[in-house]
Amino acid sequence: MTQLLPVLPTVDEHHVDGRRYPHGVAFMDGQYLPMSEAKISVLDWGFLHSDATYDTVHVWNGRFFRLDLHLDRFFGGVERLRMKLPYDRKKIESILAACVALSGHKSAYVEMICTRGSSPAFSRDPRQAENRFMAFAIPFGSVANKEQLERGLHVAISETVRIPPTSVDPAIKNYHWLDLVKGLFDAYDVGAETALILDTNGHIAEGPGFNVFVVKDGSLRTPAFGVLPGITRQTVFDLCAEIGLSATAAGISRAELKGADEVFITSTAGGIMPVTRIDDTAIANGHVGSITRRLTDLYWQRHDDPAWSTAVIYP
Ligand code: PLP
């Protein structure tokens, strides 16, 4: 897939002037709207019960990165939640591309969402609900700011336990974030910038919107259990395979995290981001490590590669 032509919607003229949408464009109920007008009913179970799944893909220099993998994960989640999308995959691709093209942003954070919706008769039976699809493209945002990307993030380990996979399947990307938000407050309380929380075995799980990797003696490891299988995490596996680095998914204890040669986090919101402090421990003497730098460079290089990315056509 190298080029994605948005089927531009027939909306009035102000809807096709990208410069008018610094805050982005949304698609809801068959219409493209400025972000400020994109609203959902308070009766939607997505809002009331967090009964929703979503995915986030980014656009960099006018190209979607690994859109197919994001769509696979989104469609997988929708199916496991027994929801039905009102559009097929091709149509959803063109809606996402149209949101980006209409917004005019060359670097964007693009989200697709399916909520349970609500039942016209206020039934409590989820089978009676009319599922809803919505999407939006907003300016690109990152977990880490410029300074943090240069010097590495300061992360605290919170005692909070991530919702167990026996309760909510983490492969279904979801908004169950009360644990992650609690972790963030715990981190702020001790002067850190973000958090890692634990799995039910007391090992490291993930953070608010990211997976984590450790590098030890030239090999990489990332938690296997109770975490979202991130697309950026998958990209790190793919890049490691290309350059001959060993990368595996397996449990990581707190001591292993703090004793690592390098630590980085991965997210669509920012890519590969270095970590140079965990609680009071400096990682790699507080410097960004060479494997982290190498993978970060490769990661951004791949954003222009037609095998990994898809061009958006702007009006
Ligand atoms: N873990 C959680 C809980 C997330 O919400 C996210 C992304 O939002 C990630 C990990 C990273 O996933 P990806 O690399 O697909 O953005």
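Atoms within a ligand are numbered from 1 in the order they appear, just like the ligands themselves. Because only heavy atoms are used, hydrogens play no part in the values below, and waters and symmetry mates are left out as well, while side chains stay in. Quantities reported herein were computed from a predicted structural model and do not represent experimental measurements. Numbers here simply count residues along the sequence, with the first being 1.
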With distance as the sole criterion, is a donor-acceptor pair present between the side chains of D44 and T115 under 3.5 Å?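 Checked: D44/T115 side chains pair up, N/O donor to acceptor below 3.5 Å.
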Counting both backbone and side chain atoms, is some N or O of [X] under 3.5 Å from an N or O of ligand 1?
X: R233; value: no
X: R73; value: yes
X: T266; value: no
X: P229; value: no

Test item: N201 side-chain N/O and H203 main-chain N/O as donor-acceptor pair under 3.5 Å: no
For the side chain of D261 and the backbone of D217, is there at least one donor-acceptor N/O pair under 3.5 Å apart? yes
At a non-hydrogen distance cut-off of under 4.0 Å, which region of [X] contacts ligand 1 (side chain, backbone, both, or neither)?
X: I231; result: both
X: R162; result: side chain
X: W177; result: side chain

Starting from [atom], locate the nearest protein heavy atom and write down its residue, its atom name and how far away it is, to 0.1 Å.
atom: atom 14 (O) of ligand 1; answer: T232 OG1, 2.5 Å
atom: atom 4 (C) of ligand 1; answer: G209 CA, 3.5 Å
atom: atom 7 (C) of ligand 1; answer: K173 NZ, 3.0 Å
atom: atom 1 (N) of ligand 1; answer: E206 OE1, 2.7 Å

Specify whether Y188 and F185 have parallel, tilted or perpendicular ring planes, treating 30° as the upper limit for parallel and 60° as the lower limit for perpendicular.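 Judged by the thresholds at 30° and 60°, the geometry between Y188 and F185 is perpendicular.
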What class does the angle between the rings of W300 and H58 fall in, given that below 30° is parallel, 30 to 60° is tilted and above 60° is perpendicular?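 Parallel: the ring planes of W300 and H58 meet at under 30°.
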At a 4.0 Å cut-off, with the gap strictly under it, does some heavy atom of N211 reach an atom of ligand 1? yes
Once side chain to side chain contact (heavy atoms under 4.5 Å, CB included) is applied, do any residues pair with R294, and if so which ones, sequence neighbours excluded? I243
Electrostatic pair K182:E159 at N-O distance under 4.0 angstrom: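 Salt bridge flag = no for E159 with K182.
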Got a sec, which residues hit ring-ring contact (aromatic ring centres under 6.0 Å, His included) with Y109, two or more places apart in sequence or on another chain?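 Y109 satisfies ring-ring contact (aromatic ring centres under 6.0 Å, His included) with no other residue.
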Out of all atoms in ligand 1, which are within 4.0 Å of some heavy atom of T268? Include the element for each.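 In order of number, 13 (P), 14 (O), 15 (O), 16 (O).
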Taking only heavy atoms of G230 into account, list the atoms of ligand 1 that are under 4.0 Å away from them. 12 (O), 13 (P), 14 (O), 15 (O)
Atom pair CZ (F213) and CD1 (I252), whose distance is rounded to the nearest 0.5 Å: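 Going from the CZ atom of F213 to the CD1 atom of I252 covers 8.5 Å.
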